[in-house]
Amino acid sequence: MHRFALKIFGCQMNVYDGERIAAELFARGWSEAAEEEADAVIYVTCSIRDKAEQKVKSELGRHVPKGGGRGPVVAVAGCMAQRIGPELLARFPQIRVLCGPRHLGRLADAVEEALADGTPSVLLDEDSRALDDLDRPPARRLLPFKSYVTIAHGCDNFCTYCIVPHVRGRFQSRRPEAIAAEVESLVADGVVEVTLLGQNVNSYGTDLKDVTFAGLLRSLAGVRGLRRLRFATNHPKDLTDDVISAMADLPVVCPAINLPLQAGSDRILALMNRGYDRRTYASRLEALREALPEVAVTSDLIVAFPGEREDDFALSLEALRLFRFDQVHSAAYSPRPGTAAAAFKERIPRAEARRRLQAVNDLQLQIAREINATLVGRTFEVLVDGPAHRGDGLLQGRTVTDKVVLFPGEGLEGRFVDVVIDGADAWSLRGKAVDGGAGGR
Ligand code: SAH
Ligand code: SF4
Ligand code: F3S
């Protein structure tokens, strides 16, 4: 029996892709093994920032076969394969398979061919609309009771800093029947929480005739046995009232949303080609919070975008104070070759970018701490993930708003438990199970 090792980098879409690759190989009789024992090592890679790519390159360097042995079949799939596959091949000759994110349906055949007779395969897009998807639900999941489901491929927004439209190709919605069938099969397999994925889920259906994202939420909410439905990520310019009402009307749709702001200055938002200004963003956020008073909102922010002046940056800090997000994924701008912004002149020096990032993180830490402190004394339903990483006999779970909750107990993985909160910091809540933990459902 052949054995594979899977190394996943990057966003949730890659986690989903990796889990489907594993499902496909299992179906062909493969098993999973440690990297040292594997016949094939498959990388699912990310190109979003330079750092993400450096990590994979340094790992690939380790697969040079020693002592004349052949070494495992090395396959590089995902966004980096699409962006710089041929360059990787030249530098790391042990790579046998390159597979872009839209050709995962052909990856397993390619790996088996390479293993049988060394045949190399290059499965990359010539045409950014081509799609050979892997039609298999993720059978092996990080947690058996939670799953991702991609609802749309690619992105057509071309924000000027972003590599995604260049590597994931054109926007394309999956058929609603295929999504519903996958969600149903996952629920039948014990999944209680599904997160729908797309670079911009709000655009779902704009390329189909008969369905919108809100409509998809409404139909999936009817799947019996599904307890929590989430989605990521959203584009503020496309967050419609219809989606907001669906969230408010449907109890299984979690009151949690990632609404990336990226910058607080209208001048920078325009240079980023984001398609909204700060006022529009503020009004979408207000509509959301009005319809769902308990909603948790997370956001993404880029500091030191080319030409970001001190006054622009001050507006990003001001926006954080004003919008009070539950969490912010912040990053310093990283130029991506081939994107529009890579040609912008006024680069911000590295030390200054670091200072801005630190200022954002310090401020956000304080805001998150304040928000979480207001939750002490409340009781929340928590879906238990398992033992907390830091041990101490603590369990870790998530509220509907996706906040981490730590509480004493054992077992209960995949169960719903009511927890009364008695402490909080910026990253997590602490508490005790109501009824001493016996109340798991
Ligand atoms: N589709 C989502 C974002 C996907 S990429 C959206 O429209 O918001 C995830 C995050 O990575 C982005 O929100 C952005 O904050 C960050 N990011 C993307 N490209 C980047 C770059 N070149 N440098 C730094 N951060 C970047
Ligand atoms: Fe990138 Fe913009 Fe598309 Fe998000 S919407 S994936 S940031 S191009
Ligand atoms: Fe990275 Fe590709 Fe996701 S670039 S963030 S893995 S879409």
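Remember, it's 1-based here, ligands and their atoms both numbered in the order they're listed. The figures here come from the full heavy-atom set of this structure, side chains too, leaving out hydrogens, waters and symmetry mates. All values reported here derive from a predicted model rather than from experimental measurement.
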field: Verdict with reasoning, Arg168 to Asp156, per salt bridge (Lys or Arg N to Asp or Glu O under 4.0 Å)
entry: CA-CA 10 Å; Arg168 290 253 171 190; Asp156 291 349; over 6 Å; no
message: Using side chain to side chain contact (heavy atoms under 4.5 Å, CB included), reason through Asn234 and Ile257 one step at a time and then give a plain yes or no.
response: CA-CA 8 Å; Asn234 299 270; Ile257 192 165; 3.3 Å; yes
task: Just jot down the ligand 2 atoms closer than 4.0 angstrom to any heavy atom of Val164, in number order.
output: 6 (S)
- prompt: Does an N or O anywhere in Tyr161 fall below 3.5 Å from an N or O of ligand 1?
  reply: yes
- request: Under 4.0 Å from a heavy atom of Asp300: give me the atoms of ligand 1 that qualify, with their elements.
  value: 9 (C), 10 (C), 12 (C), 13 (O), 15 (O)
message: Is the distance between the ring centroids of Phe231 and Phe213 under 6.0 Å?
response: yes
- prompt: When you check the gap from the basic side-chain N to the acidic O, do Arg28 and Glu24 get nearer than 4.0 Å?
  reply: yes
- prompt: Counting from 1, what ligand 2 atoms have a heavy atom of Cys155 closer than 4.0 Å?
  reply: 3 (Fe), 5 (S), 6 (S), 8 (S)
Numbered atoms of ligand 2 (with element) below 4.0 Å of Pro165, judged on heavy atoms: 8 (S)
- prompt: Can you tell me if Asn200 has a non-hydrogen atom under 4.0 Å from ligand 1?
  reply: no
message: Is the contact between His329 and ligand 1 made by the side chain, the backbone, both, or neither, using heavy atoms and a 4.0 Å cut-off?
response: neither
- prompt: Quick check: does any side chain N or O of Gln199 sit under 3.5 Å from a backbone N or O of His153, one acting as donor and the other as acceptor?
  reply: no
query: Can Arg218 and Asp242 be counted as an ion pair, charged N to O under 4.0 angstrom?
result: yes
Side-chain heavy atoms of His2 within contact of Leu25, under 4.5 Å: no
- request: Run the contact test for Gln199 against ligand 3 with a 4.0 Å cut-off on heavy atoms, strictly below, and give the result.
  value: yes
- prompt: Does the side chain of Asp362 pick up a donor-acceptor pair with the side chain of Gln366 at under 3.5 Å?
  reply: no
task: State whether Cys159 contributes an N/O/S atom found under 2.8 Å from atom 1 (Fe) of ligand 2.
output: no
Arg336 and ligand 1 - part of the residue with a heavy-atom distance under 4.0 Å: side chain
task: Specify the protein heavy atom at minimum distance from atom 3 (Fe) of ligand 3: its residue, its atom name, and the distance to 0.1 Å.
output: Cys11 SG, 2.3 Å
- line: ligand 2 atoms nearer than 4.0 angstrom to some heavy atom of Arg274 are 2 (Fe), 7 (S)
task: Would you please indicate if the ring centroids of Phe344 and Tyr161 are separated by under 6.0 Å?
output: no
- prompt: Heavy atoms, side chains only, cut-off 4.5 Å: are Lys7 and Glu59 in contact?
  reply: yes
message: Using a 4.0 Å cut-off to any heavy atom of Tyr161, which atoms of ligand 2 qualify?
response: 7 (S)
query: Short list, please: which atoms of ligand 2 are under 4.0 Å from a heavy atom of His235?
result: 5 (S)
Ligand 3 contact by Met13, heavy-atom criterion under 4.0 angstrom: no
message: Tell me the protein heavy atom at minimum distance from atom 15 (O) of ligand 1, and give that distance in Å.
response: Gln262 OE1, 2.8 Å
message: Just to verify, what does Asp207 make a side chain to side chain donor-acceptor pair (under 3.5 Å) with, not counting sequence neighbours?
response: Ser173
field: His235 N/O to ligand 1 N/O under 3.5 Å
entry: no
task: Test Arg356 against Glu352 for salt bridge (Lys or Arg N to Asp or Glu O under 4.0 Å), laying out the working first.
output: CA-CA 6 Å; Arg356 291 183 192 180; Glu352 176 57 19; 2.8 Å; yes
task: Work out whether the distance between some heavy atom of Gly78 and some atom of ligand 3 is less than 4.0 Å.
output: no
- line: Closest to atom 5 (S) of ligand 1 among protein heavy atoms sits Ile48 CD1, 3.5 Å
message: Considering non-hydrogen atoms of the protein only, which is the closest contact for atom 5 (S) of ligand 2, and what is the distance?
response: Asn157 ND2, 3.3 Å
message: Within this structure, what is the CD-CZ distance for the pair Glu193 and Arg230, rounded to the nearest 0.5 Å?
response: 4.0 Å
query: Where's the contact between Ser334 and ligand 1, heavy-atom distance under 4.0 Å: side chain, backbone, both or neither?
result: both
- prompt: Taking distance alone, with no angle check, do Arg49 and ligand 1 share an N/O pair under 3.5 Å?
  reply: yes
- prompt: Considering residues, nucleotides and ligands other than Arg129, do more than 12 of their heavy atoms fall under 6.0 Å from its CZ?
  reply: no
statement: One finds that the ligand 3 atoms under 4.0 Å from a non-hydrogen atom of Asn14 are 6 (S)
message: Return the closest protein heavy atom for atom 4 (S) of ligand 3 as residue, atom name and distance.
response: Ser47 N, 3.3 Å
query: Considering only protein heavy atoms, which is closest to atom 6 (S) of ligand 2, and at what distance to one decimal place?
result: Gln199 OE1, 3.5 Å
Region of Ala332 that comes within reach of ligand 1 [heavy atoms, distance under 4.0 Å]: backbone
- request: May I ask you to identify, for Cys46, whether its side chain, its backbone, both or neither come under 4.0 Å of ligand 3 on a heavy-atom basis?
  value: both
task: Check the side chains of Lys237 and Asn202 for a donor-acceptor pair under 3.5 angstrom, ignoring hydrogens and angles.
output: no
message: For atom 1 (Fe) of ligand 2, what's the nearest protein heavy-atom neighbour? Residue, atom name and distance, please.
response: Cys162 SG, 2.3 Å
message: With a 4.0 Å cut-off on N to O distance, would you call Asp50 and Lys55 a salt bridge?
response: no
query: Against heavy atoms of Cys79, which atoms of ligand 3 measure under 4.0 Å?
result: 2 (Fe), 4 (S), 6 (S), 7 (S)
query: What protein heavy atom sits nearest atom 1 (N) of ligand 1, and how far away is it?
result: Gln199 O, 2.8 Å
Close side-chain approach of Arg274 to Tyr281, heavy-atom, < 4.5 Å: no
- line: Note: heavy atom closest to atom 2 (C) of ligand 1, options Val164, Val201, Thr233, belongs to Thr233
Part of Arg274 with heavy atoms under 4.0 Å of ligand 1, whether side chain, backbone, both or neither: side chain
message: Can you classify the ring geometry of His235 versus Tyr276 as parallel (below 30°), tilted (30 to 60°) or perpendicular (above 60°)?
response: perpendicular
- request: Inspect the contact between Arg96 and Glu113 and indicate whether a charged nitrogen and a carboxylate oxygen are less than 4.0 angstrom apart.
  value: no
Per-atom contacts of ligand 1 with Tyr333, taking only distances under 4.0 Å to non-hydrogen atoms: 23 (N), 24 (C)
